[in-house]
**Q** 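What follows is a structure written as structure tokens; I'll ask about it next.
The structure displayed is predicted, hence computed values, not measured ones.
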Amino acid sequence: MTDPAVLYCVGATKAGTSWFYRLLHDHPDCALPAVKEAHYWDTFTTPERDKQLAAFDLRLNELREAKVLAEAADRGWQIRNLDRRIADMSALMDVVAGDRRDDTAYLAWLTQGRGAARIYADMTPNYATLSDALLDRMVAAAPLTKVIYLIRDPLDRLWSHIRMQAHRQRQSHEIYEKKANNILYRMLNRGQETHILHRGDYAGVISKLRRVVPADRLLVAFAETLLTADGLARVCAFLGIGPVDVPAQAVHDGRPVAMLEKLRPRAQSLLFEQYDWVARNVGPLPANWQNNCVRMTA
């Protein structure tokens, strides 16, 4: 038996990290907090910390309001679930707002009171944006650390991220489909909202992770093959946990919206280097990646 490990799933954004969280959350060898994204390692500056604490506080109030409704309906199971989520969120806020000169409080929040487990996990995609120095501190904080970076077809990931932004930003008078395509248009023609592109910079992120994380502690996995028996077996072996069956329900990717065909060639051209780099430096591309590559070069 190996020692328990702390797992960081560092993205990519819209590459299946929420689905992966649910899978590990229900695994008997894993112990995950009720807060999927702790945002501990990406909130060391005052502006980052204050912004995240405000977001946590908003979510905490929502959970408390939901508990009031659950109590009124006498839904005991939901009350217990909300109590756990409220407790985890409140404790995490204390950690983020507290003394950050060392990481003892954070590791205690992540691991203590969760029982014996092979894996404790923090699944915050934004950790992919950390500097080498912060990544090094993150990896060194626990005696045994493992890092997983999920990657998804670049065009599919980009469009999913854009749709998420459109959903969050849409005003009541705006049409969701038009909002999403307008975001893509601004990105392609005005150089705006480039943070969405940066979240899919597989070449940059993987190169950085390989500089900092020991090779035997890092796994780069295609989101598409993670949903297969072989893909899950590979991940479970890497984590040192028991095997699991492929869940019947796949990743929920939000409401489908068609990308305007006149924008697609520009978007594909913008992403071609990512396809090429991954093919040369990670491994054979899954079928849908290959299909998009064919469309780019046809």
**Q** Would you please test D42 and L130 for side-chain contact (heavy atoms from CB on, under 4.5 Å) and show each step?
**A** CA-CA 7 Å; D42 58 343; L130 297 177; 3.9 Å; yes

**Q** Whether the side chain of N181 engages the backbone of A258 through a donor-acceptor N/O pair (distance < 3.5 Å, no angle test) should be reported.
**A**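 Yes, because the side chain of N181 sits within donor-acceptor range (under 3.5 Å) of the backbone of A258.
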
**Q** Hey, could you give me the OG/CG distance between S90 and D57, rounded to the nearest 0.5 Å?
**A**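 So the OG of S90 and the CG of D57 are separated by 9.0 Å.
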
**Q** Are the aromatic ring centres of W289 and F222 under 6.0 angstrom apart?
**A**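 Between F222 and W289, which both carry aromatic rings, the centre distance is below 6.0 Å.
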
**Q** Locate the shortest heavy-atom distance separating A38 from F56; write the atom from each residue and the value.
**A**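 Residues A38 and F56, closest heavy atoms: O-CZ, 3.4 Å.
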
**Q** Run the side-chain contact (heavy atoms from CB on, under 4.5 Å) test on I241 and L24 for me, step by step, so that the C-alpha distance in whole Å, both residues' side-chain angles and the decisive distance to 0.1 Å come before the verdict.
**A** CA-CA 10 Å; I241 60 177; L24 294 187; 4.0 Å; yes

**Q** Mind checking whether L263 and M164 sit in one hydrophobic cluster, side chains of I, L, V, M, F, W, Y counted as touching below 4.5 Å?
**A**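 No, L263 and M164 fall in different hydrophobic clusters.
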
**Q** Take V6 and Y8 through the side-chain contact (heavy atoms from CB on, under 4.5 Å) test and state the conclusion after the steps.
**A** CA-CA 7 Å; V6 171; Y8 296 105; 3.7 Å; yes

**Q** Can you confirm whether the side chains of R157 and H161 place a donor and an acceptor under 3.5 Å from each other?
**A**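 On atom types as modelled, these side chains qualify, holding a pair under 3.5 Å.
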
**Q** Is a side-chain donor-acceptor pair under 3.5 Å present for N281 with Y202?
**A**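 Absent: no donor and acceptor within the cut-off.
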
**Q** Would you call R85 and L82 a side-chain contact if the rule is heavy atoms closer than 4.5 Å?
**A**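 They are in contact (side-chain heavy atoms under 4.5 Å apart), so the answer is yes.
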
**Q** Measure the CG-CG distance between N292 and L271 for me, rounded to the nearest 0.5 Å.
**A**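 Going from CG on N292 over to CG on L271, the span is 9.5 Å.
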
**Q** Do K178 and N182 make a side-chain contact, defined as non-hydrogen atoms from C-beta onward lying under 4.5 Å apart?
**A**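 Of all side-chain heavy-atom pairs linking N182 with K178, at least one is under 4.5 Å.
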
**Q** Within the 4.5 Å heavy-atom criterion, are V96 and H39 side-chain neighbours or not?
**A**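 A side-chain contact is absent here, since even the closest heavy-atom pair is not under 4.5 Å.
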
**Q** Can you tell me if Y185 has over 12 outside heavy atoms packed within less than 6.0 Å of its OH?
**A**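 Incorrect, the count does not exceed 12.
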
**Q** For E177 and V257, indicate whether the former's side chain and the latter's backbone hold a donor-acceptor pair under 3.5 Å.
**A**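 Such a contact is absent between E177 side chain and V257 backbone.
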
**Q** Show the nearest heavy-atom pair for residues I206 and I151, with the distance to one decimal.
**A**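 Smallest heavy-atom distance, with atoms named: CD1-CG2, 4.5 Å.
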
**Q** Please check if L60 and I79 belong to a single hydrophobic cluster, counting links between Ile, Leu, Val, Met, Phe, Trp and Tyr side chain heavy atoms closer than 4.5 Å.
**A**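 As far as the 4.5 Å side-chain criterion goes, I79 and L60 are not connected within one cluster.
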
**Q** How about CZ on R168, more than 12 heavy atoms from neighbouring residues, nucleotides or ligands closer than 6.0 Å, or not?
**A**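 No.
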
**Q** Under a 3.5 Å distance rule, please check whether H27 uses its side chain to pair with a backbone N or O of G242 as donor and acceptor.
**A**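 Here the side-chain-to-backbone pair exists.
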
**Q** Quick one: do V68 and R64 satisfy side-chain contact (heavy atoms from CB on, under 4.5 Å)? Show the steps, please.
**A** CA-CA 6 Å; V68 171; R64 287 169 173 158; 5.9 Å; no

**Q** Atom CZ of R75 and atom NZ of K67: how far apart are they, to the nearest 0.5 Å?
**A**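 Nearest 0.5 Å value for the CZ-NZ distance: 13.5 Å.
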
**Q** Is the shortest side-chain heavy-atom distance between N189 and R266 below 4.5 Å?
**A**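 In short, these two side chains touch, coming nearer than 4.5 Å.
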
**Q** When you measure from the side chain of E174 to the backbone of Q171, do you find a donor-acceptor pair of N or O atoms at a distance under 3.5 Å?
**A**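 Such a contact is found between E174 side chain and Q171 backbone.
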
**Q** Can you check whether A203's main-chain N or O pairs, donor with acceptor, with Q274's side chain at less than 3.5 Å?
**A**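 The answer is yes, because a donor-acceptor pair under 3.5 Å joins these two groups.
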
**Q** Might you point out which heavy atoms bring C236 and P243 nearest each other, and give the distance in Å?
**A**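 Minimum heavy-atom contact is SG-CA, 4.2 Å.
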
**Q** R100 and T43: side-chain donor and acceptor closer than 3.5 Å?
**A**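 Yes, T43 and R100 have a side-chain donor paired with an acceptor closer than 3.5 Å.
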
**Q** Between CE of M259 and CD of E261, what distance do you get to the nearest 0.5 Å?
**A**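 M259 CE to E261 CD: 8.5 Å, rounded to 0.5 Å.
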
**Q** Do I196 and I183 have side-chain heavy atoms sitting under 4.5 Å apart?
**A**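 Yes, at least one pair of side-chain atoms sits under 4.5 Å.
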
**Q** Give me the atom names and distance for the closest heavy-atom approach of T17 to P125.
**A**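 That would be OG1-CG, 3.7 Å.
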
**Q** Take H198 and D201 through the test side chain to side chain donor-acceptor pair (under 3.5 Å) and record every step on the way to the result.
**A** CA-CA 5 Å; H198 294 159; D201 179 16; over 6 Å; no

**Q** From the options Y120, Y40, F44, select the one residue that forms a ring-ring contact (aromatic ring centres under 6.0 Å, His included) with Y106.
**A**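 Going through Y120, Y40, F44 one by one, the ring-ring contact (aromatic ring centres under 6.0 Å, His included) with Y106 is satisfied by Y40 alone.
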
**Q** When you check the gap from the basic side-chain N to the acidic O, do E48 and K51 get nearer than 4.0 Å?
**A**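 No, E48 and K51 are not salt-bridged.
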
**Q** Could you tell me the separation between the SG atom of C9 and the OH atom of Y21, rounded to the nearest 0.5 Å?
**A**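 Reported to 0.5 Å precision, the distance equals 12.5 Å.
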
**Q** Without swapping roles, check the side chain of S160 against the backbone of D156 for a donor-acceptor pair under 3.5 Å.
**A**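 Not a single qualifying donor-acceptor pair exists.
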
**Q** Any ion pair linking D132 and K208 (charged N to carboxylate O, less than 4.0 Å)?
**A**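 Looking at D132 together with K208, the answer is no, because their closest N to O distance does not fall below 4.0 Å.
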
**Q** More than 12 heavy atoms of other residues, nucleotides or ligands under 6.0 Å from CG of D74: yes or no?
**A**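 It does not: D74 CG has 12 such atoms or fewer within range.
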
**Q** Would you sort out whether T124 and K36 count as a side chain to side chain donor-acceptor pair (under 3.5 Å), showing the intermediate values?
**A** CA-CA 7 Å; T124 306; K36 171 184 174 265; over 6 Å; no

**Q** If I compare all heavy atoms of A267 with all of L155, which pair ends up nearest, and what's the gap?
**A**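 Residues A267 and L155, closest heavy atoms: CB-CD1, 3.9 Å.
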
**Q** Using a 4.5 Å cut-off on heavy atoms from C-beta on, say whether the side chain of L135 contacts that of W41.
**A**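 No - every pair of side-chain heavy atoms lies 4.5 Å or more apart.
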
**Q** Just wondering, more than 12 heavy atoms not from Q169 lying within 6.0 Å of its CD?
**A**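 Check passes, neighbour count above 12.
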
**Q** Provide the closest heavy-atom pair for P33 versus R84 in the form atom of the first, atom of the second, distance.
**A**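 That closest heavy-atom pairing would be C-NH2, 3.9 Å.
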
**Q** Does atom CG of L260 have more than 12 heavy-atom neighbours from other groups under 6.0 Å away?
**A**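 It does: L260 CG has more than 12 such atoms within range.
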
**Q** Flag the pair L209 / V10 as yes when at least one side-chain heavy-atom distance between them is below 4.5 Å, and no otherwise.
**A**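 Contact flag for L209/V10 side chains = yes.
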
**Q** Mark yes when over 12 heavy atoms from residues, nucleotides or ligands other than D245 sit less than 6.0 Å from its CG; otherwise mark no.
**A**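 Not buried by this count: 12 neighbours or fewer within 6.0 Å.
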
**Q** Check step by step if salt bridge (Lys or Arg N to Asp or Glu O under 4.0 Å) holds for R22 and D26.
**A** CA-CA 6 Å; R22 291 193 294 270; D26 296 335; over 6 Å; no

**Q** Using a 4.5 Å cut-off on heavy atoms from C-beta on, say whether the side chain of D276 contacts that of R280.
**A**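 R280 vs D276: side chains touch.
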
**Q** Is a side-chain N or O of W109 found less than 3.5 angstrom from the main chain of D88, in a donor-acceptor match?
**A**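 Judged by distance alone, yes, a pair lies under 3.5 Å.
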
**Q** Would you say E37 and N126 are linked by a side-chain donor-acceptor pair, where the criterion is simply a distance under 3.5 Å?
**A**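 Distance-only check fails for N126 and E37.
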
**Q** Both conditions, 6.0 Å and 45 degrees, for the charged tip of K146 above the ring of F238: are they met here?
**A**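 Relative to the ring axis of F238, which defines the angle, K146 lies inside both limits.
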
**Q** Between Y176 and I162, is there a shared hydrophobic cluster once you connect ILVMFWY residues whose side-chain heavy atoms come closer than 4.5 Å?
**A**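 Y176 and I162: one cluster.
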
**Q** Are more than 12 heavy atoms from other residues, nucleotides or ligands located less than 6.0 Å from atom NE2 of H167?
**A**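 Check fails, neighbour count at 12 or below.
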
**Q** Starting at CE of M138, measure out to CG of L134 and round the result to the nearest 0.5 Å.
**A**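 If I round to the nearest 0.5 Å, the distance is 9.0 Å.
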
**Q** When you check the side-chain N and O atoms of T228 and D230, is any donor under 3.5 Å from an acceptor?
**A**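 Per modelled atom types, T228 and D230 side chains form no pair under 3.5 Å.
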
**Q** Does the distance from a Lys or Arg side-chain N to an Asp or Glu carboxylate O, for E224 and R152, drop under 4.0 Å?
**A**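 Looking at R152 together with E224, the answer is no, because their closest N to O distance does not fall below 4.0 Å.
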
**Q** Is there a path of hydrophobic side-chain contacts, each under 4.5 Å between heavy atoms, that joins L270 and L184?
**A**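 Yes; L184 is reachable from L270 via cluster members.
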
**Q** Same cluster or not: L226 versus V246, using hydrophobic residues (I, L, V, M, F, W, Y) connected whenever any side-chain heavy atoms lie under 4.5 Å apart?
**A**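 Yes, one cluster joins them.
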
